[in-house]
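Beneath this line is the structure, given in structure tokens, with notes to follow.
Just so we're clear, the structure is a prediction, and the values are computed from it rather than from any experiment.
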Amino acid sequence: QVQLVESGGGLVQPGGSLRLSCAASGSIFGINGMGWFRQAPGKQRELVARISSDGSTNYADSVKGRFTISRDNAKNTVYLQMNSLKPEDTAVYYCNAAIVNALSRREFRYWGQGTQVTVSS
């Protein structure tokens with residue numbers, strides 16, 4: 001009923017930039033909080049950044065000043081602009097959204113399928 005589709009991952013050299021996108025589609029009445037998480041091999045999934053419906057944002061300390069989260073409510077899309085990338089940013093990045101279903105008017109959390117980001121020279 002609801003899908004989150006991510007795009008924009010890839011291989012980039014240290015110091016480079018990437019922009020991730022995550023578009024929600026399906027039976028959507030509204031979208032509340034949206035966020036990006038990441039999971040590196042052998043590590044737990046961790047929050048990278050989140051943005052509320054009113055645009056307020058929070059970031060992990062490790063990405064503050066380098067990453068920027070934003071959203072386009074008309075397109076049901078959340079973005080993650082990643083600058084000054086470091087090898088330790090290498091991970092699978094997942095988007096997450098709290099979506100109010102158009103039929104039930106109940107809120108559910110959904111995950112994207114993940115997109116690989118590799119920072120290496």
Side-chain angles (χ1 to χ4, degrees):
Q1 292 184 343
V2 173
Q3 277 190 317
L4 297 180
V5 179
E6 298 143 345
S7 60
L11 173 64
V12 64
Q13 292 187 341
S17 298
L18 283 175
R19 189 192 193 208
L20 306 183
S21 300
C22 173
S25 63
S27 184
I28 298 171
F29 177 76
I31 303 177
N32 294 322
M34 306 181 82
W36 289 93
F37 291 72
R38 67 186 181 187
Q39 187 166 19
K43 295 188 177 181
Q44 290 191 338
R45 191 173 297 189
E46 63 175 0
L47 174 69
V48 176
R50 58 186 174 193
I51 183 168
S52 66
S53 56
D54 65 2
S56 60
T57 58
N58 294 97
Y59 295 91
D61 288 342
S62 59
V63 307
K64 282 181 181 176
R66 300 188 297 122
F67 291 9
T68 302
I69 189 170
S70 61
R71 61 191 287 172
D72 184 333
N73 292 329
K75 295 182 179 180
N76 290 336
T77 299
V78 63
Y79 304 96
L80 186 67
Q81 177 66 43
M82 304 185 294
N83 299 328
S84 303
L85 283 160
K86 304 175 181 179
E88 51 264 42
D89 294 318
T90 296
V92 178
Y93 284 70
Y94 299 90
C95 71
N96 175 270
I99 297 176
V100 179
N101 186 280
L103 298 178
S104 68
R105 300 299 171 92
R106 293 177 60 190
E107 180 184 286
F108 296 93
R109 286 207 165 265
Y110 295 88
W111 290 92
Q113 80 284 0
T115 185
Q116 177 70 46
V117 171
T118 302
V119 185
S120 175
S121 55

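- Residues V92 and M34 are members of separate hydrophobic clusters, defined by side-chain heavy-atom contacts under 4.5 angstrom among Ile, Leu, Val, Met, Phe, Trp and Tyr.
- Ring-plane geometry between F67 and Y93 is classed as tilted, the angle between the planes lying from 30 to 60 degrees on a 0 to 90 degree scale.
- Here the shortest heavy-atom pairing between S70 and V78 reads O-CG2, 3.2 Å.
- Within the model, atoms CD of Q44 and CZ of R38 stand 14.0 Å from one another, a figure rounded to the nearest 0.5 Å.
- Residues E88 and V119 fail the side-chain proximity criterion, which asks for heavy atoms closer than 4.5 Å.
- Residues S120 and L11 form a side-chain contact, since some pair of their non-hydrogen atoms from C-beta on lies under 4.5 Å apart.
- Summarising the geometry of L80 relative to A49, their closest heavy-atom pair is CD1-CB, 4.3 Å, with the distance given to 0.1 Å.
- A donor-acceptor contact shorter than 3.5 Å links the side chain of N96 to the backbone of Y110.
- Taking every heavy atom of both residues into account, L103 and S27 meet most closely at CG-OG, 3.7 Å.
- Around atom CD of E46, more than 12 heavy atoms belonging to other residues, nucleotides or ligands sit under 6.0 Å away.
- Looking at every heavy atom in both residues, K64 comes nearest to Y59 through CE-O, 3.4 Å.
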Worked check of side chain to side chain contact (heavy atoms under 4.5 Å, CB included) between I28 and V2: CA-CA 7 Å; I28 298 171; V2 173; 4.2 Å; yes
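- Atoms CH2 and CG, on W36 and L20 in that order, are 4.5 Å from each other to the nearest 0.5 Å.
- With hydrogens and angles left out, the side-chain atoms of S17 and N83 include a donor and acceptor closer than 3.5 Å.
- Listed here is the closest heavy atom pair of V63 and V48: CG2-O, 3.6 Å.
- When the side chains of ILVMFWY residues are joined at heavy-atom separations under 4.5 Å, either directly or via intervening members, I69 and I31 end up in a single hydrophobic cluster.
- For the atom pair CD (E6) and SG (C95), the distance works out to 4.0 Å, reported to the nearest 0.5 Å.
- Note that CD of Q3 and CG of N76 are 13.5 Å apart. Values are rounded to the nearest 0.5 Å.
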Derivation of the side chain to side chain contact (heavy atoms under 4.5 Å, CB included) call for Q113 and L4: CA-CA 7 Å; Q113 80 284 0; L4 297 180; 5.9 Å; no
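- Under the 3.5 Å distance criterion, the side-chain polar atoms of S121 are left unmatched by any main-chain donor or acceptor of Q13.
- Summarising the geometry, atom CZ belonging to R50 is positioned 7.5 Å from atom CZ belonging to F37; distances are rounded to the nearest 0.5 Å.
- In this structure, Y79 and S21 approach most closely via the heavy-atom pair CD2-OG, 3.3 Å.
- More than 12 heavy atoms of other residues, nucleotides or ligands sit less than 6.0 Å from atom CZ of F108.
- For the pair R71 (side chain) and S52 (backbone), a donor-acceptor distance under 3.5 Å is present.
- Under the 4.0 Å criterion applied to side-chain N and carboxylate O atoms, K86 and D89 are not assigned as salt-bridge partners.
- With values rounded to the nearest 0.5 angstrom, R45 atom CZ is found 11.5 Å from L47 atom CG.
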